[in-house]
Amino acid sequence: MIWSSATLAVSDDETDSPDPVRSSTGHLITDPAKVMGAESCKECHKSEHAAWSASMHAKNFERIDSSSGKKIAAAYGNTKVCQNCHSTPHTETAKFAGAVGVSCESCHSPAGGDEGWFKIHSDYGGKDVKREDETEEHLKERLAKCKAAGMVRPADANILAKNCYSCHIIADEKLLAAGHKTGQSSFDLIPWMQGEVRHNFQVDQSVNADSPSLLMARYGTTTAQRKRKLLVIGKIVELEICLRNLASIDAANLNESYAGRRGWAGRAEDAYEYLDEEIGEAVDNDQIKAALKAVKKIDLGRKFEDQPGAKAAANQLSDIVKSFAEDADADDLAKLDKLVDDLDKPKGTPYTP
Ligand code: HEC
Ligand code: HEC
Ligand code: HEC
Ligand code: HEC
């Protein structure tokens, strides 16, 4: 199916957006014209591209065209919305021939445009300058420019996690009413990132590292440190997204299966309990306490008709998880290693070149 550019734009309503680069639906692509496509990354990120190509993300566009997809699309009334999650919204050009799947920029943000991060992100200060020879000052400036251009790097684990959850938990009531599944209840950040999705090749294109190799090279971040933080970030984000969904739907539908015990409310409660009873018991951290406090106020599980409360809590969680991702000291979280180890095995098999 060919999409006309008129059907491509996702919501441009920014009013409910917790992050400046997001649409109100929680999705990252607010300007499809800036999407360059995975082919533009392949030259320098060969193994990342190969890993992605072998994953479901590269293929799942096909779902929309399946017989059950067609049924859902017909009941929904249009197919524009499907692009948000089964593909990367883009402006149709010769470069994008046919399906694209969920590609690099759905997770790392659109790279193109005059102010885009595409050129900036790999320039160490001139053509012949290597990573090892980049000055501290240039690195700082480069990363700040990438950030200003909206680039989502592995260091922004809170935003990466939001991207996963905003696609993997379906928020759109109309879509659910059209017969779409609610999303995978088994989705969990660490195991789902560690399997077929993993592509940590930046420093060595022949080794798919356990955690971002560039973070190891640049800051000495170990895999254990990375995972401790991901564990906490994943749970807070899951809680945030479920509360945001509860806050956003028509109040008359709050008892529907997707909003109730077997849906967002139950899922939010499970995430809260895990954060409280497992994580909160193991470590003493002010940001985790603040997250629990923000949610306690809305008396989760019993009073989730408190939609304004759920929205306020979600907004607070968004700020808390951002500051946790940026500032929390992973060495203070060593007691979480056991919880990390207990997680299920990776979803899918990591790609090896
Ligand atoms: C001309 C080569 C080149 C192209 C093309 C390129 N990259 Fe990169 N990319 C690099 C280099 C070099 C680095 C390592 C930068 C560093 O050391 O901070 C990098 C790093 C990254 C990182 C990790 C950043 C971090 O701070 O951890 C991401 C994510 C990324 N690129 C995504 C992309 C995507 C998506 C595309 C396509 C839209 C792309 N790159 C195209 C060369 C390139
Ligand atoms: C918010 C993100 C999101 C949107 C929007 C979305 N999907 Fe999905 N879709 C998913 C996820 C996540 C799954 C996997 C769900 C699961 O297995 O429980 C999925 C699974 C599917 C499946 C396979 C499961 C089944 O029911 O047979 C089909 C078909 C499908 N989607 C079609 C569509 C169509 C058609 C649209 C647009 C009208 C659409 N989707 C919009 C995220 C989305
Ligand atoms: C733009 C939307 C979107 C984003 C962002 C996204 N996913 Fe997905 N993902 C999907 C859809 C849609 C499917 C296919 C579901 C289907 O067809 O059953 C999928 C499939 C997967 C699968 C394969 C599942 C299986 O059943 O084998 C894994 C693993 C996965 N995603 C992990 C992640 C992780 C981890 C993140 C965040 C780093 C992420 N996804 C971000 C939309 C997305
Ligand atoms: C489903 C979301 C998703 C997609 C699609 C995706 N990435 Fe990533 N990317 C991530 C996440 C999450 C990490 C950090 C992984 C971790 O913490 O283990 C990452 C890490 C990276 C890194 C840093 C790896 C390192 O060793 O430091 C680069 C470079 C990168 N991605 C480039 C790409 C390119 C190029 C594509 C497309 C071919 C792509 N990514 C597609 C989510 C995604």
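Just so you know, ligand 1 is whichever comes first in the structure, and atom 1 is the first atom listed for that ligand.
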Which of these, [options], has its nearest heavy atom closest to [atom]?
atom                    : options                       : answer
atom 28 (C) of ligand 1 : Arg153, Met151, Glu39         : Met151
atom 7 (N) of ligand 2  : Met56, His180, Gln184         : His180
atom 37 (C) of ligand 1 : Gly37, Gly116, Cys41          : Cys41
atom 11 (C) of ligand 2 : Thr182, Asn78, Leu176, Ile170 : Ile170

Numbered in order shown, the ligand 4 atoms found under 4.0 Å of a heavy atom of Cys107 are 1 (C), 2 (C), 3 (C), 4 (C), 5 (C), 42 (C), 43 (C)
At less than 4.0 angstrom from any non-hydrogen atom of [X], what atoms of ligand 2 do you find?
X     : result
Gly69 : 29 (C), 35 (C)
Ser66 : 29 (C)
Val81 : 5 (C), 37 (C), 38 (C)

task = Answer yes if the side chains of His45 and Gln202 hold a donor-acceptor pair under 3.5 Å, and no otherwise.
result = yes
Check this for me: does any side-chain nitrogen of one of Arg228 and Asp337 sit under 4.0 Å from a carboxylate oxygen of the other? yes
Under 4.0 Å between a side-chain nitrogen and a carboxylate oxygen: does that hold for Lys235 and Glu278?
no
Of all protein heavy atoms, the one nearest atom 29 (C) of ligand 2 is Ser68 OG, 3.4 Å
among protein heavy atoms, the one nearest atom 4 (C) of ligand 2 is Cys85 SG, 3.3 Å
Under 3.5 Å between any N/O of [X] and any N/O of ligand 4: does that happen in this structure?
X      : value
Ser213 : yes
Asn200 : yes
Ser211 : no
Ser103 : no

How about His108 and Trp117: are their ring centres within less than 6.0 Å of each other? no
Look at ligand 1 and say whether Glu134 reaches it with a heavy atom at a distance under 4.0 Å. no
Any heavy atom of Cys167 under 4.0 Å from ligand 2? The part involved is backbone
>> Below 30° counts as parallel, above 60° as perpendicular, anything between as tilted: where do the rings of His168 and Trp192 land?
In response: perpendicular
